[in-house]
Undergrad: 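First, the structure itself, so that you have it in front of you.
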Amino acid sequence: MQATCLLVLFLIPQAHANPILILGDSLSASYGMEQDKGWVHLLQKQSPEVTIINGSVSGETSAGGLRRLPALLDSTKAKRVFIELGGNDGLRGFSPKQLKNNLTKMILLAKDSGAEVLLSEVMVPPNYGPRYAKQFTQVYQELSSEQRVTLVPFFMTNIAIHPELMQADGIHPNEQAQPQIVSFIRPWLIDTQQPSE
């Protein structure tokens with residue numbers, strides 16, 4: 001996943017209730033397409049009752065997300081945080097132990113701010129070997145149990161197997177795949193959204 005220094009904030013002025021922060025990498029940052037074609041923007045268009053803030057950056061690692069999260073939490077006052085990070089850690093062969101440490105700190109920071117946390121499962125390509133892939137996947141399962149956060153199944157699982165839904169690099173979903181991602185993610189992020197107190 002190539003690095004692109006972008007931080008895109010999608011804000012609908014009339015929607016102020018229960019801000020949702022998306023903290024992800026290129027899979028959530030509209031990599032390879034116009035920003036308004038990406039799944040986060042499409043989800044916001046379908047859900048004007050909430051504010052969705054896209055804090056995703058292409059090429060982001062768990063360490064980078066951890067560095068940026070405090071400022072994002074402070075500026076957005078998010079009530080729900082969806083963490084979709086780790087793919088770049090895996091592609092670079094980083095230690096699953098360090099990945100878990102970074103994700104743990106992010107979860108605790110979000111919880112301390114009063115936000116509900118949803119953690120996206122992330123998987124690495126099979127060519128990284130079954131042992132590493134298993135250790136990598138276990139990080140998310142362990143964190144869901146240990147930190148009592150909702151584990152959202154990886155939204156790329158049923159997309160990556162269809163070449164027509166992927167960009168030429170074989171890593172990123174294309175424009176055609178974005179509505180499918182919205183359909184998959186919406187029940188987790190929006191349909192369970194609690195009304196304002």
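Start at 1 with the first residue, then count along the sequence. These numbers were taken from a predicted model, which means no experiment stands behind them.
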Undergrad: Taking side-chain hydrogen bond (donor to acceptor under 3.5 Å, both in side chains) as the definition, give me every residue that meets it alongside E146, ordered by chain and number, with sequence neighbours left out.
TA: K100
Undergrad: Using the rule given for salt bridge (Lys or Arg N to Asp or Glu O under 4.0 Å), can you reason through R68 versus E60, listing the C-alpha separation, both sets of side-chain angles and the distance that settles it, and then say yes or no?
TA: CA-CA 10 Å; R68 293 192 301 115; E60 188 70 288; 2.5 Å; yes
Undergrad: Does atom NZ of K111 have more than 12 heavy-atom neighbours from other groups under 6.0 Å away?
TA: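 It does: K111 NZ has more than 12 such atoms within range.
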Undergrad: Would the distance check show the side chain of Q44 and the main-chain N or O of S47 forming a donor-acceptor pair, the cut-off being under 3.5 Å?
TA: yes
Undergrad: side-chain contact (heavy atoms from CB on, under 4.5 Å) with E84: which of L119, L23, L27, I185?
TA: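 By the side-chain contact (heavy atoms from CB on, under 4.5 Å) criterion, E84 pairs with just one of L119, L23, L27, I185: L27.
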Undergrad: Once rounded to the nearest 0.5 Å, what's the spacing between atom OG of S183 and atom CD of Q180?
TA: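 Rounded to the nearest 0.5 Å, the OG-CD separation comes out at 7.5 Å.
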Undergrad: Hey, does the side chain of R80 reach the backbone of L189 with a donor-acceptor pair shorter than 3.5 angstrom?
TA: yes
Undergrad: Run the side chain to side chain contact (heavy atoms under 4.5 Å, CB included) test against P125 and tell me which residues pass, sequence neighbours left out.
TA: L91, N127, Y128
Undergrad: Determine the sole option in I53, I83, N54 for which the side-chain contact (heavy atoms from CB on, under 4.5 Å) test with L21 is passed.
TA: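 Result: among I53, I83, N54, I53 is the only option passing the side-chain contact (heavy atoms from CB on, under 4.5 Å) with L21.
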Undergrad: For residues 147-166, please give each side-chain donor-acceptor pair under 3.5 Å, one per line with the distance, not counting sequence neighbours.
TA:
{"from": "T157", "atom 1": "OG1", "to": "F154", "atom 2": "O", "distance (Å)": "3.1"}

Undergrad: Please give me the minimum heavy-atom distance between D25 and G86, naming the atom from each residue.
TA: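 Shortest heavy-atom separation between D25 and G86 comes out as OD2-N, 4.5 Å.
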Undergrad: Checking the side chain of Q178 only, and the main-chain atoms of N174 only, is there a donor and an acceptor separated by less than 3.5 Å?
TA: yes
Undergrad: Can you confirm whether I190 sits close enough to I20 that some side-chain heavy atom of one is under 4.5 Å from a side-chain heavy atom of the other?
TA: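 Answer yes - side chains close enough.
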